[in-house]
Amino acid sequence: MQPLHPEPTSRRPVWMWAGAAAGLGLALTMFVNNSGPSIRAAASRPTTSAFVVSGAVVLGDGASFSRDDHGGCAGTGARADVIDGAPVLIMTTAGLAAGKLTGARALTDGTCRFWFSVPGVPTGQDGYLVMIADRDPRQYAEPELTGALVSLRVD
């Protein structure tokens with residue numbers, strides 16, 4: 001007597017392998033060709049030109065910074081966050097541009113000066129919020145940030 005249902009075999013039919021290969025080929029083709037929607041949200045965003053903001057940050061009194069033996073300086077007390085490598089951020093509605101403080105120098109006039117450069121700041125914005133280290137951001141207009149070196153005083 002033979003069973004009503006034949007025993008399952010471990011081999012898959014050829015047509016299943018052919019279907020799997022065709023599906024994999026289609027998926028790879030779609031991935032390689034990126035045949036998604038032809039209209040993308042980013043494509044409708046207008047490109048803006050950018051400029052570089054460069055200048056100096058100055059700590060104004062001898063009590064707000066300490067000097068080192070090599071002519072350098074760093075903020076102290078409430079200004080301890082103003083140090084070499086501290087971030088300089090410029091925020092607009094179009095995005096964020098970042099740089100950092102470098103080249104700290106204790107000057108003979110009793111101040112501490114850091115240089116900075118922030119590339120990629122978008123043009124044509126209504127306002128620019130500039131944040132040095134962990135200080136509160138201050139608002140500037142584009143003409144104040146373009147052209148000559150910008151001097152920002154941290155009080």
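The structure displayed is predicted, hence computed values, not measured ones. Just the heavy atoms: all of them, side chains too, but no hydrogens, waters or symmetry mates, feed the values below. Along the sequence shown, residues carry numbers from 1.
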Chemist: Same hydrophobic cluster for V118 and L129, using side-chain heavy-atom links shorter than 4.5 Å among ILVMFWY?
Modeler: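 Per the 4.5 Å side-chain linkage, V118 and L129 are not co-clustered.
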Chemist: Evaluate the criterion side-chain contact (heavy atoms from CB on, under 4.5 Å) for residue pair V82 and L101; output intermediate values, then yes/no.
Modeler: CA-CA 8 Å; V82 182; L101 297 177; 3.9 Å; yes
Chemist: Could you check whether any side-chain N or O of D84 sits under 3.5 Å from a backbone N or O of G103, counting only pairs where one atom can act as donor and the other as acceptor?
Modeler: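 Yes: the side chain of D84 pairs with the backbone of G103.
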Chemist: Hey, does P87 have a side-chain heavy atom less than 4.5 Å from the side chain of K100?
Modeler: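 Not touching, per the 4.5 Å side-chain cut-off.
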Chemist: Between the main-chain N or O of E142 and the side-chain N or O of T146, is there a donor-acceptor pair closer than 3.5 Å?
Modeler: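 Checking the backbone N and O of E142 against the side chain of T146, a donor-acceptor pair under 3.5 Å is found.
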Chemist: Give a yes or no on this: more than 12 heavy atoms of other residues, nucleotides or ligands lie within 6.0 Å of atom CG of D126.
Modeler: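 Atom CG in D126 is not crowded, with 12 or fewer foreign heavy atoms closer than 6.0 Å.
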Chemist: Who passes ring pair (Phe, Tyr, Trp, His ring centres under 6.0 Å) against Y128, sequence neighbours left out?
Modeler: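 So Y128 forms a ring pair (Phe, Tyr, Trp, His ring centres under 6.0 Å) with F51.
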Chemist: Where do R67 and G110 come nearest, in terms of heavy atoms and distance?
Modeler: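 Between these two residues, the closest heavy atoms are NH2-CA, 3.9 Å.
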Chemist: Which heavy-atom pair separates V121 from A97 by the least distance, and what is that distance?
Modeler: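 Closest pair (atom of V121, atom of A97, distance): CG2-CB, 3.8 Å.
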Chemist: If you measure from OG on S151 to CZ on R113, what distance do you get to the nearest 0.5 Å?
Modeler: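 It comes to 10.0 Å.
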Chemist: Please walk me through it: do R153 and V58 pass side-chain contact (heavy atoms from CB on, under 4.5 Å)?
Modeler: CA-CA 5 Å; R153 193 170 185 93; V58 177; 3.9 Å; yes
Chemist: Checking the side chain of D81 only, and the main-chain atoms of D134 only, is there a donor and an acceptor separated by less than 3.5 Å?
Modeler: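 Yes, because the side chain of D81 sits within donor-acceptor range (under 3.5 Å) of the backbone of D134.
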Chemist: Ignoring hydrogens, what is the shortest heavy-atom contact between G75 and I83? Give both atom names and the distance.
Modeler: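 Answer, listing the atom of G75 first, then I83: N-CG2, 4.4 Å.
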Chemist: Are V130 and W115 connected into the same hydrophobic cluster when the rule is that any two of I, L, V, M, F, W, Y join if their side-chain heavy atoms are below 4.5 Å apart?
Modeler: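 No.
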Chemist: Measure the CG-CD1 distance between L152 and I132 for me, rounded to the nearest 0.5 Å.
Modeler: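 The distance works out to 5.0 Å.
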Chemist: Is there a donor-acceptor contact under 3.5 Å from the side chain of T123 to the main chain of S49?
Modeler: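 Yes, the answer is positive, given that a donor and an acceptor are paired below the 3.5 Å cut-off.
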Chemist: In Å and rounded to the nearest 0.5 Å, what is the CE to CD distance from M91 to Q139?
Modeler: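 Spacing of CE (M91) from CD (Q139) equals 10.5 Å.
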Chemist: For the side chain of R105 and the backbone of G71, is there at least one donor-acceptor N/O pair under 3.5 Å apart?
Modeler: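 Yes, the answer is positive, given that a donor and an acceptor are paired below the 3.5 Å cut-off.
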Chemist: After noting the C-alpha distance and the side-chain angles of T93 and Q125, does the key distance pass the side-chain contact (heavy atoms from CB on, under 4.5 Å) rule?
Modeler: CA-CA 7 Å; T93 55; Q125 302 300 302; 3.0 Å; yes
Chemist: Nearest 0.5 Å please: distance from the CG atom of L89 over to the CE atom of M131.
Modeler: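 CE of M131 is found 5.0 Å from CG of L89.
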Chemist: Compare every heavy atom of G72 with every heavy atom of A106, then report the nearest pair and how far apart it is.
Modeler: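 Here A106 and G72 meet closest at CB-O, 3.9 Å.
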Chemist: Do you know the tightest heavy-atom contact between F114 and A104?
Modeler: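 The pair with the smallest heavy-atom distance is CE2-CB, 3.3 Å.
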Chemist: Measure across P122 and T92 and return the closest heavy-atom pair with its distance rounded to 0.1 Å.
Modeler: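 Of all heavy-atom pairs spanning P122 and T92, the closest is CG-OG1, 3.5 Å.
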Chemist: Which is it for V52 and S117 under the side-chain contact (heavy atoms from CB on, under 4.5 Å) test, yes or no, and what are the steps along the way?
Modeler: CA-CA 7 Å; V52 176; S117 184; 3.4 Å; yes
Chemist: Counting C-beta onward and ignoring hydrogens, is there a side-chain heavy-atom pair between L59 and T111 closer than 4.5 Å?
Modeler: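 Contact flag for L59/T111 side chains = no.
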